[in-house]
Amino acid sequence: IRETSTGSFIEYSESTQDKDGVDMKALIFLEWNKYKNDFFERKVLVPYEKEFPKFTENENVKYVTQSNVLISYEILS
């Protein structure tokens, strides 16, 4: 299932995580949860061999994920 979200970029995480036998690293975003009316940190996974997208701290990004793996993104501000 593809999911589109918008969040504020916080940081990169180089620590290796396994996702279905593939090594991943993570982008960490601050995202709004409309059901809990609160912000939460969301880790969006990127294959370890790929370069991280170039985001600056607190940059607003609209991103598409599938199984929490980054598919595409658009920098909003």
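Counting from 1, the numbers follow the sequence of the chain as shown.
Residue Ile28 holds its CD1 atom at 12.5 Å from OG of Ser8, rounded to the nearest 0.5 Å. The distance from the CG atom of Leu30 to the CG atom of Asn60 is 10.0 Å, given to the nearest 0.5 Å. Atoms CG and CE, on Asn68 and Met24 in that order, are 9.5 Å from each other to the nearest 0.5 Å. Here the CG-CG distance, from Asp23 to Leu45, works out to 11.5 Å after rounding to the nearest 0.5 Å.
Under the 3.5 Å distance criterion, the side-chain polar atoms of Tyr48 are left unmatched by any main-chain donor or acceptor of Ser15.
For the 3.5 Å distance criterion, the side chains of Ser5 and Arg42 qualify, holding a donor opposite an acceptor. Between the side chains of Glu3 and Tyr63, no donor-acceptor pair of N or O atoms lies under 3.5 Å.
Between Glu11 and Lys43 there is no salt bridge, since no side-chain N of the basic residue sits under 4.0 Å from a carboxylate O of the acidic one.
In terms of heavy atoms, Gln17 sits closest to Ala26 at NE2-CB, 3.6 Å. Scanning both residues, Phe9 and Thr56, for their nearest heavy atoms gives CD2-O, 3.5 Å. Of all heavy-atom pairs between Arg2 and Gln66, the closest is NE-OE1, 3.1 Å. The minimum heavy-atom distance linking Lys34 with Asn37 is given by the pair O-OD1, 3.3 Å.
You'll find the side chain of Glu57 stays beyond 4.5 Å of the side chain of Ile10, heavy atoms only. Between Pro47 and Leu70, the closest side-chain pair of non-hydrogen atoms is not below 4.5 Å. You'll find the side chain of Phe29 stays beyond 4.5 Å of the side chain of Glu41, heavy atoms only. Taking 4.5 Å as the limit, every side-chain heavy atom of Ser13 sits out of range of all side-chain heavy atoms of Lys25. A 4.5 Å side-chain heavy-atom check between Val64 and Ile71 finds at least one atom pair inside the cut-off. Looking at Val46 and Val69, their side chains never come closer than 4.5 Å, going by heavy atoms from C-beta outward. Inter-residue side-chain proximity for Ser67 and Lys19 is flagged as met; some heavy-atom pair is nearer than 4.5 Å. Contact annotation: the side chain of Ile75 approaches that of Glu59 to within less than 4.5 Å [non-hydrogen atoms, C-beta and beyond].
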Please report the C-alpha distance between Lys62 and Thr4 in whole Å, then the side-chain angles of each, then the deciding distance to 0.1 Å, and finally whether the side chain to side chain contact (heavy atoms under 4.5 Å, CB included) criterion is met.
CA-CA 7 Å; Lys62 180 178 180 179; Thr4 301; 3.6 Å; yes
Glu31 and Phe40: CA distance, side-chain angles, deciding distance, side chain to side chain contact (heavy atoms under 4.5 Å, CB included) verdict:
CA-CA 6 Å; Glu31 193 175 301; Phe40 69 99; 3.6 Å; yes
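Note on ring orientation: taking the six-membered ring where Trp is involved, the planes of Tyr73 and Phe55 are perpendicular (angle over 60°, cut-offs 30° and 60°).
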